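None of these values were measured; they are calculated from a predicted model.
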Amino acid sequence: MADIITVTEVLSAADDVCEQYSRTMSDASQRVRETNQSVTSDFTLTGLFNHSGPHLALFSLVAAIFTMGLLGNAILIFLIHTDARLHTPMYYLLSQLSLLDVGFPLVTIPKMAADFLQEEGAISFGGCAAQMFFLMLIGVSEGVLLSLMSYDRYVAVCHPLRYPVLMRRQVCLLMVGTSWLSGVLVASIQTSITLHFPYCASRTVDHFFCELPALLRLSCVDTSAYELALSISGVLILVLPLSLITTSYSHVLGAVLHMHSTEARHKAFTTCSSHITVVGLFYGAAVFMYMVPGAYHTPQQDNVVSLFYSLITPTLNPLIYSLRNREVQMALVKILFRTGFRSKR
């Protein structure tokens, strides 16, 4: 009888072990499914506007600014390419800036407009990854390029006789290559790390495009260490170019103040102030998004700042340079005159 009881207890314990093993395997399978879902499922973007009257007006305004920005940058690139007087290092770098400013709104605004018109905000995991990668690539490349453009102004004002040597074609190509390579490197690292986190909670991105800070809020693991590392890397990525800009313009300011010619001083101030204005617009938004920890700004503030640097700043850049630059104005007048003359014939 004791043997029968012992066998029964052994069988019961074996059943308990099997049941516990089954539950463990089920939980593990569920975690695997959740992880796979976090890699393959779509995200949902909240968008900027609803279909109320005021929001329809704002959407129309954004569409108009988007169109104006693309036209402005495209015209500036065309003028620099076609007018021989603009075939200088400064304008070559400016054409690269305009190319980046074309890319910024193209990555974000068409998707936002399509979601608004179709009344849905779904975006695939691959589409989200592509958006984040290209935005980071363009943003870092533009930041580095703006800092290198300040060096160009420093050479032009402080070493004008050596300008053709110090800013020869090989140097310009190296500057542009450095800016693009920096963007690709940072975007590849940050995108791969961000998308490595599992997103197994809510998949609604409280933003109108896939941006790194907004995605981190959806992760179901603790990302505080990575966010701290991101803020530190953001400081390095932004402070190093800003240091070059500050150093360059401190020398430029000293040289301008010692100029005796009023005309030369005015020309130097005009070209340099245009670049400083663009730098202020770009870096102001970048510092807020990537140097200030996410806990200190809301998703609504992120939306406004992101719209500013992805749409407003790229639209303003060609206006700042063309309206305050006589050489660009003359090139535009020349093209318009030729077009009008041919149409009359």
Legend entry - Approximate separation, where rounding is to 0.5 Å, of Leu311 CG and Ile109 CD1: 4.5 Å
Inset, instruction - Considering non-hydrogen atoms only, spot the tightest contact between Ala187 and Leu137 and give its length. - result: CB-N, 3.6 Å
Legend entry - Heavy-atom donor-acceptor pair, His275 side chain to Leu146 backbone, under 3.5 Å: yes
Legend entry - Pairwise side-chain contact, Phe104 with Thr108, heavy-atom cut-off 4.5 Å (strictly under): no
Inset, instruction - For the residue pair Leu106 and Phe66, establish whether any side-chain heavy-atom pair is separated by less than 4.5 Å. - result: yes
Legend entry - Verify same cluster id: Ile312, Met68 (apolar side-chain graph, 4.5 Å): no
Inset, instruction - Could you check if a side-chain atom of Gln96 sits within less than 4.5 angstrom of a side-chain atom of Ser179, using non-hydrogen atoms only? - result: no
Inset, instruction - Mind checking the CG-CG spacing from Leu307 to Leu58? Nearest 0.5 Å is all I need. - result: 9.5 Å
Legend entry - Asp101 side, atom CG; Thr313 side, atom OG1 - distance, nearest 0.5 Å: 8.0 Å
Legend entry - Arg203 side chain to Asp42 backbone, donor-acceptor under 3.5 Å: yes
Inset, instruction - Scan side-chain atoms only and decide if Thr194 and Tyr226 contain a donor-acceptor pair under the 3.5 Å cut-off. - result: yes
Inset, instruction - Ignoring hydrogens and angles, tell me if any N or O in the side chain of Tyr154 forms a donor-acceptor pair with the backbone of Tyr249 under 3.5 Å. - result: no
Legend entry - CZ on Phe197 to SG on Cys220, rounded to 0.5 Å: 10.5 Å
Inset, instruction - Look at the side-chain heavy atoms of Ile, Leu, Val, Met, Phe, Trp and Tyr, link any pair under 4.5 Å apart, and say whether Leu173 and Leu99 land in one connected group. - result: yes
Legend entry - Stepwise side-chain contact (heavy atoms from CB on, under 4.5 Å) check, Met132 with Met136: CA-CA 6 Å; Met132 188 163 56; Met136 204 167 299; 4.2 Å; yes
Legend entry - Side-chain heavy atoms of Leu166 within contact of Val171, under 4.5 Å: no
Legend entry - CG-SG distance between Leu135 and Cys210, expressed to the nearest 0.5 angstrom: 9.0 Å
Inset, instruction - Ignoring hydrogens and angles, state whether a donor on the side chain of His207 or Ser306 is under 3.5 Å from an acceptor on the partner side chain. - result: yes
Inset, instruction - Ignoring hydrogens and angles, tell me if any N or O in the side chain of Asn73 forms a donor-acceptor pair with the backbone of Gly69 under 3.5 Å. - result: yes
Inset, instruction - Give the intermediate values and the outcome of side-chain contact (heavy atoms from CB on, under 4.5 Å) for residues Leu56 and Phe116. - result: CA-CA 10 Å; Leu56 286 172; Phe116 175 79; 3.4 Å; yes
Inset, instruction - Without swapping roles, check the side chain of Thr191 against the backbone of Ser188 for a donor-acceptor pair under 3.5 Å. - result: no
Inset, instruction - Check the surroundings of atom NE2 in His87: do more than 12 heavy atoms from other residues, nucleotides or ligands lie under 6.0 Å from it? - result: yes
Legend entry - Co-membership, hydrophobic cluster, residues Met330 and Ile335, 4.5 Å side-chain: no
Inset, instruction - Classify the side-chain pair Tyr163/Asp152 by whether it contains a donor and acceptor separated by less than 3.5 Å. - result: yes
Inset, instruction - State, with a plain yes or no, whether a side-chain heavy atom of Ser98 is found less than 4.5 Å away from one of Asn317. - result: no
Inset, instruction - First locate atom OG1 of Thr204, then atom CG of Leu218, and finally report the distance between them rounded to the nearest 0.5 Å. - result: 7.5 Å
Inset, instruction - Give the intermediate values and the outcome of ring pair (Phe, Tyr, Trp, His ring centres under 6.0 Å) for residues Phe125 and Tyr199. - result: CA-CA 11 Å; Phe125 183 87; Tyr199 298 97; 7.5 Å; no
Inset, instruction - Treating Ile, Leu, Val, Met, Phe, Trp and Tyr as nodes and any side-chain heavy-atom pair under 4.5 angstrom as an edge, say whether Val304 and Leu316 lie in one connected cluster. - result: no
Inset, instruction - Indicate, with yes or no, if Tyr151 and Leu161 share a hydrophobic cluster defined by side-chain heavy-atom contacts under 4.5 Å among Ile, Leu, Val, Met, Phe, Trp and Tyr. - result: no
